[in-house]
Amino acid sequence: MGTPPSKVNREKFQPLHRAFFARGPRRVARELLGKVLVRHSDGQFLTARIVEVEAYLGKNDPASHSAAGNTARTAVLFGPPGYAYVYFIYGNHYCLNVSCERDGRAGGVLFRAVEPLRGVEEMAQARKIEVRGPRDLIRLTSGPGRLAEAFGITRTRDNGGDLTSTHSGLWIGDDGFHARNIKTTPRIGISKAADKRLRYILAGNAFLSGRKTPPETRARLKFDKRV
DNA sequence: ATATCGATTATCT
DNA sequence: GATAATCGATATG
């Protein structure tokens, strides 16, 4: 049997407390799986189950943006926990992170994939995708750039926003869903510290991003290209 | 099915 | 000037 569809719970999505995020990114990442990303804007709700995240450890993690130090761009990562760090990448895409650790110490978790629960029509509109089949549905939020676009997340709008407060219009809630089948893999799309297993997934979920190629094989092939 | 490439800009060296 | 925590399109088997 495949992935059971996540049950929609229409209770209020109370935001997670700031203490939840005031811990190491690995712990936060693992426990974020199964929680709900919520957008409340213009009386509309978008909600989606978090199924894939990556931990970025801070100054000592060469793959983390905070490895470059506390700059204007990375200030949120060095600030207090529970805030949105939104960056722009490849001239095309926004990506959402939440700051972890206590004030002064860097660390964050990147949201890589979510499973839509509510507001599919609005997400499709934001993504400019016509949803005709399951394949289109998956393309809505399967990937950090995709989920950001589906939720209308941009740097000017959301960077520095409080993800533990409903007043920000973007927060992380808990509907009582129990995460099962958690697995770890190497992080995607990075070149440094690519061996560390800091990607956390709900294994078997249909909305996971990336390809299923064994990471070691892929790295080798890329390295050998065009000598 | 996998492989490669262009888009387009903030940030860092 | 090079690179990047990506995506969608195109080429090729």
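Lettering of chains follows the sequences in order, A, B, ..., and the numbering in each one begins at 1. Quantities reported herein were computed from a predicted structural model and do not represent experimental measurements.
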Distance check needed: [N] [atom2] versus [X] [atom1], whole Å only.
X: A:Ile153; N: C:dA5; atom1: CD1; atom2: C1'; answer: 15 Å
X: A:Tyr85; N: B:dA10; atom1: OH; atom2: P; answer: 13 Å
X: A:Glu130; N: C:dG8; atom1: CD; atom2: P; answer: 16 Å
X: A:Glu52; N: C:dA5; atom1: CD; atom2: C1'; answer: 11 Å
X: A:Arg135; N: B:dA1; atom1: CZ; atom2: C1'; answer: 12 Å
X: A:Leu77; N: B:dT11; atom1: CG; atom2: P; answer: 13 Å
X: A:Tyr94; N: B:dT8; atom1: OH; atom2: C1'; answer: 12 Å
X: A:Arg127; N: C:dT6; atom1: CZ; atom2: P; answer: 14 Å

Checklist entry - Counting N and O atoms only, with roles assigned by atom type, does the side chain of A:Ser168 sit under 3.5 Å from a partner on the main chain of A:Leu163, one being a donor and the other an acceptor? => result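 Not a single qualifying donor-acceptor pair exists.
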Item to check | Exam field: side chain A:Ser64 to backbone A:Leu57, donor-acceptor pair closer than 3.5 Å | outcome: no
Base, sugar-phosphate, or nothing: which does [X] touch, judged by heavy atoms less than 4.0 Å apart?
X: A:Tyr90; answer: base
X: A:Arg199; answer: nothing
X: A:Ile190; answer: sugar-phosphate

Can you give me every donor-acceptor pair (side chain of residues 128-138 of chain A, partner residue at least two apart or in another chain, under 3.5 Å) with its distance?
| residue | atom | partner | partner atom | Å |
| --- | --- | --- | --- | --- |
| A:Asp136 | OD2 | A:Arg132 | N | 2.9 |
| A:Asp136 | OD2 | A:Gly133 | N | 3.2 |

Checklist entry - Using purine N1 to pyrimidine N3 plus N6-O4 or O6-N4 for Watson-Crick, or N1-O2 and O6-N3 for G-U wobble, each under 3.5 Å, what pairs with C:dT3? => result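 Per the H-bond distance test, B:dA10.
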Next on the checklist: Quick check on DNA chain C: between A:Glu149 and A:Leu96, whose nearest nucleotide comes earlier from the 5' end?
Outcome noted: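 Whichever sits nearer the 5' end wins; that is A:Leu96.
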Next on the checklist: Taking the six-membered ring of A:Phe21 as reference, does the cationic atom of A:Arg18 (NZ for Lys, CZ for Arg) lie under 6.0 Å from its centre and within 45° of its axis?
Outcome noted: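 Checked: cation-pi criterion not met.
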Next on the checklist: Ring of A:Phe207, cation from A:Arg146 - is the NZ or CZ under 6.0 Å from the centre and inside 45° of the axis?
Outcome noted: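 Relative to the ring axis of A:Phe207, which defines the angle, A:Arg146 lies outside at least one limit.
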Next on the checklist: So, under a plain 3.5 Å distance rule, would you say the side chain of A:Tyr87 forms a donor-acceptor pair with the base of C:dA5?
Outcome noted: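 A donor-acceptor contact between them is present.
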If only side-chain N and O atoms of [X] are considered, is one of them under 4.0 Å from the OP1 or OP2 phosphate oxygen of [N]?
X: A:His65; N: C:dA5; answer: yes
X: A:Arg112; N: C:dT6; answer: yes
X: A:Arg155; N: B:dT11; answer: yes
X: A:Ser191; N: C:dA4; answer: yes
X: A:Arg139; N: C:dC7; answer: no
X: A:Arg73; N: C:dA4; answer: no
X: A:Thr71; N: B:dT11; answer: no

Checklist entry - Using 30° and 60° as the class limits, which term best fits the ring planes of A:Phe45 and A:His40: parallel, tilted or perpendicular? => result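 Judged by the thresholds at 30° and 60°, the geometry between A:Phe45 and A:His40 is parallel.
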Item to check | Face-to-face contact A:Phe88 to B:dA10 six-ring, under 5.5 Å, under 30° | outcome: no
Next on the checklist: Can you tell me which nucleotide in C:dA5, C:dC7, C:dA4 comes closest to the side chain of A:Arg146?
Outcome noted: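 Nearest to the side chain of A:Arg146 among the choices is C:dC7.
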Checklist entry - More 5' along DNA chain B: A:Ala72 or A:Asn92, using each one's nearest nucleotide? => result A:Asn92
